[in-house]
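What follows is a short report on a single structure.
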Amino acid sequence: MAETTTPTATPIGALELPLPALGMLSDAHRRGSRCAWCSTPLTAETAVDAGERDAEDGARIFPRGCADCAGRAAYRLLWEHATACDRCRTDASCPVAVAAQRLMRRGR
Ligand SMILES: [Zn+2]
Ligand SMILES: [Zn+2]
């Protein structure tokens, strides 16, 4: 049995949520051990992936947030995304919108 490698699934953690300025983020924020927005210490249960990305200084960062902050950031991302996304205009199942809405629900 061959393994399927078709890259069709959108991983939930792939959403790059809008973060505070990267220069404001400490090592703990960059590693994802504290909420990138409010600095609350995070556990595996409370942490929400905010989207792995490259920082301005070239380092790979793994920011995470608490459910409240990530929910707010997801709302902002969805707002900005939906105005620019052709798929969202015609199709409610745009993977970005679906993933953002999932995060917004967690924040309640
Ligand atoms: Zn927070
Ligand atoms: Zn979309």
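Counting starts at 1 for both ligands and their atoms, following the listed order.
- Comment: Arg34 does not engage Asp27 in a salt bridge, judged by the lack of any side-chain N to carboxylate O separation of less than 4.0 angstrom.
- Contact record, Leu25 with Ile61: CD1-CD1, 4.5 Å, taken as the closest heavy-atom pair.
- Between Pro20 and Ala36, the shortest heavy-atom distance links the atoms CG-O, 3.2 Å.
- At most 12 non-hydrogen atoms from other residues, nucleotides or ligands lie less than 6.0 angstrom from OH of Tyr75.
- Taking the Zn ion (ligand 1) as the corner point, the angle from Cys66 atom SG to Cys69 atom SG is about 100° (rounded to 10 degrees).
- If you put the vertex on the Zn ion (ligand 1), SG of Cys35 and SG of Cys38 sit 110° apart, to the nearest 10°.
- Considering only residues two or more places apart in sequence or on other chains, Ser33 meets the side-chain hydrogen bond (donor to acceptor under 3.5 Å, both in side chains) condition with none of them.
- Counting heavy atoms from C-beta on, the side chains of Leu19 and Trp37 come closer than 4.5 Å.
- Annotation: protein N, O or S atoms under 2.8 Å of the Zn ion (ligand 2) (waters excluded) comprise His81 NE2, Cys85 SG, Cys88 SG, Cys94 SG.
- In this structure, the side chains of Gln101 and Leu78 come closer than 4.5 Å at one or more pairs of heavy atoms.
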